[in-house]
Amino acid sequence: MSDAPLRLRFAPSPTGFFHVGGARTALYNWVLAKRLGGTFVLRIEDTDEARNSPEWTQGIIDALAWLEISADDPAFEGPYFQSRHRDAHIAAARKLFDTGQAYYCDLTSEQIAERAKASGVQGYDGSSRDRGLGPGPGHVLRFRVPDGETIVEDLVRGRVEFNNDTIEDFVLLRSNGSPMFLLANVVDDMDEKINLVIRAEEHLPNTPKQQLLWDALGEPPPQWAHVPVLVNEQRKKLSKRRDKVALEQYRDEGYVMGAMRNYLMTLGWAPAGDQEIVAWSQIEGEFTLDAVNRSPAFFDLKKLAAFNGEYIRMMSREEFAHAARPFVDAWFAANPQATMNESWLATMLPLLQTRIVTLAEVPAQIDFLFIGDPVIDDDSWAKAMKDPAPQVLADVISAYAQTPWNADALKDTLDAVGQTYGLKLGKTQAPIRVAVTGQRVGPPLFEPLELLGRDETIRRLQAAATRIASTR
Ligand code: GLU
């Protein structure tokens, strides 16, 4: 590579949610820009008017900001919008036409298909090459693919050879004059002085065509690095129809940025040592493209969840409280009858931090504290209230009328009741937990009982005893 300063770009099309694969590509570009003192250019490829929308563009910008690929960082440049550079795309096409490297063709797709059928050779046969057509209705501009072979030196995939016979004379301008992706993408890379293109492997087949365009336009092509596709558990390429691919969705479900960013980096690459969960500074210090794997990378939801739980546990109490807050607030907004108690929340959060996998689990673990009567579904009720649970419940109600009201005493008292029935603590707790919280599983029980207080706890236990009596 030349000594020119490193310029990379991330060039998403704003046609849908921000795909986790796109996020991984963005991160690879970003990490190298940061590590090597290069520039990360954001280019929004918004030329597909039917499919793109400003909302998707904003989604990309927000998602990048969430990943701390920040527009305020000196390494960040853009966003540029491809649609605003249409004149440059057309001027490049014109240059190719003027120099005889592109030509107009008036064949319809039916005619092309007929010719292919007759000759037995797939694709467009170049039959308009020397017809001397100019622009006109129904005319597309095609690139005249030269003879020979095109060699792509890819930093991940190594040397990839393409025989030019296998590349048809591809379209540069549609018959309505609009530039095609292959052309617009190259011209923008050229104008933005991009010298390293890191992108998804699915673009590898485009690369010889694009490299030929660079040559034809008289500029040295960038270095290429095509990163492996992401696949699901069935080893099928992640798709938005089949799989959960939207970064926004993970964010909204309470995956934390650090975990997501670290996990995405490991899809095709691994930090040195046995640990995959590592500080971002280590990733920035170590990441190189030649260490990126060629084989498809499994987007493993279980592993992502494990990363997330680990990152949640690594947070300080304050960080966790801050991170959980939006999820708690959203729950209160949706449950206006509930009453917030900040000090109870502060007591409960550390108990949850070690137990949850995503932040979105927080409200359901503590909601019973803030609403008068927990909702108990029939299944949980039936399972928890099997004999001798009704007797245990009655005994606990009596015992709790006198116990000193603190978590330790509440636990010991309950345990003592259970022992008279030969029950372990977990079993004794079950009907009490369901009666008070509405759930069969949840955070430690006795701290919240202490918070709720004797009257409210006994009131809930009584309500359960009444329900039992009424169903006998
Ligand atoms: N806009 C293209 C896409 O989203 C990216 C092209 C590229 O990275 O060269 O797939």
Side-chain angles (χ1 to χ4, degrees), residues 6-33 38-61 63-64 67 69 77-86 88-89 92 150 152-157 160 170 172 178-214 217 219 221-230 237-240 245-248 264 268 289 292:
L6 180 66
R7 290 181 59 84
L8 306 126
R9 87 311 196 260
F10 176 54
S13 307
T15 54
F17 288 111
F18 191 63
H19 193 289
V20 286
R24 195 255 326 244
T25 304
L27 284 167
Y28 281 10
N29 276 290
W30 180 247
V31 168
L32 275 191
T39 301
F40 171 100
V41 174
L42 173 62
R43 180 172 77 234
I44 306 292
E45 300 211 318
D46 58 342
T47 47
D48 187 344
E49 278 169 34
R51 289 176 63 223
N52 64 55
S53 86
E55 174 198 335
W56 299 130
T57 299
Q58 194 54 47
I60 292 166
I61 292 170
L64 292 178
L67 292 169
I69 298 178
E77 189 177 300
Y80 297 121
F81 291 88
Q82 185 157 69
S83 59
R84 297 184 195 161
H85 297 137
R86 188 184 155 102
H89 309 148
T150 302
V152 172
E153 297 284 358
D154 190 282
L155 293 171
V156 173
R157 311 210 52 95
V160 194
F170 54 93
L172 300 172
S178 67
M180 293 286 281
F181 159 75
L182 287 171
L183 175 71
N185 184 263
V186 163
V187 171
D188 285 355
D189 280 345
M190 216 170 264
D191 287 348
E192 291 155 16
K193 305 210 170 349
I194 302 303
N195 47 23
L196 172 54
V197 168
I198 303 175
R199 62 183 176 181
E201 190 184 324
E202 66 200 29
H203 287 294
L204 188 61
N206 292 328
T207 309
K209 298 178 189 171
Q210 295 197 305
Q211 194 164 292
L212 288 169
L213 283 177
W214 281 84
L217 290 164
E219 297 271 352
Q223 291 225 287
W224 309 100
H226 287 88
V227 298
V229 289
L230 304 186
K237 191 174 155 196
L238 280 198
S239 97
K240 63 179 170 201
V245 299
L247 189 77
E248 293 92 332
L264 288 170
L289 285 170
V292 172

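Atoms within a ligand are numbered from 1 in the order they appear, just like the ligands themselves.
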In the protein, which heavy atom is nearest to atom 10 (O) of ligand 1, and how far is it? His203 NE2, 2.8 Å
Going by an N to O cut-off under 4.0 Å, is there a salt bridge joining Glu192 and Arg9? no
Note the single closest protein heavy atom to atom 9 (O) of ligand 1, along with its residue, its atom name and the distance in Å. Arg9 NH2, 2.6 Å
Relative to ligand 1, is Phe10 under 4.0 angstrom through side chain, backbone, both or neither, heavy atoms considered? neither
Please assess Trp214 against Asp189 for the test side-chain contact (heavy atoms from CB on, under 4.5 Å), listing each intermediate value before the final yes or no. CA-CA 10 Å; Trp214 281 84; Asp189 280 345; 3.6 Å; yes
Beyond-backbone contact of Asp191 with Tyr80, side-chain heavy atoms, under 4.5 angstrom: no
One finds that the ligand 1 atoms under 4.0 Å from a non-hydrogen atom of Ser13 are 1 (N), 2 (C), 3 (C), 4 (O)
Shortest protein heavy-atom distance from atom 5 (C) of ligand 1, along with the residue and atom involved: Ala11 O, 3.2 Å
Parallel, tilted or perpendicular: which one describes the rings of Trp224 and His226, with boundaries at 30° and 60°? parallel
Would Arg51 and Asp48 count as a salt bridge (charged side-chain N to carboxylate O under 4.0 Å, His left out) here? Give the steps. CA-CA 6 Å; Arg51 289 176 63 223; Asp48 187 344; 3.4 Å; yes
Under 3.5 Å between any N/O of Val197 and any N/O of ligand 1: does that happen in this structure? no
Determine, step by step, whether Ser178 and Arg86 satisfy the side-chain contact (heavy atoms from CB on, under 4.5 Å) criterion, reporting the C-alpha distance in whole Å, the side-chain angles of both residues, the deciding distance to 0.1 Å, and the verdict. CA-CA 8 Å; Ser178 67; Arg86 188 184 155 102; 3.7 Å; yes
Give me each pair satisfying side chain to side chain donor-acceptor pair (under 3.5 Å) with a member in residues 11-26, each pair once, sequence neighbours excluded. none
Tell me the contacting part of Asn206 for ligand 1: side chain, backbone, both, or neither, using a 4.0 Å heavy-atom threshold, strictly below. neither
Please determine if Asn185 has a nitrogen or oxygen closer than 3.5 Å to a nitrogen or oxygen of ligand 1. yes
Using a 4.0 Å cutoff against the non-hydrogen atoms of Glu45, which atoms of ligand 1 qualify? 1 (N), 2 (C), 5 (C), 6 (C)
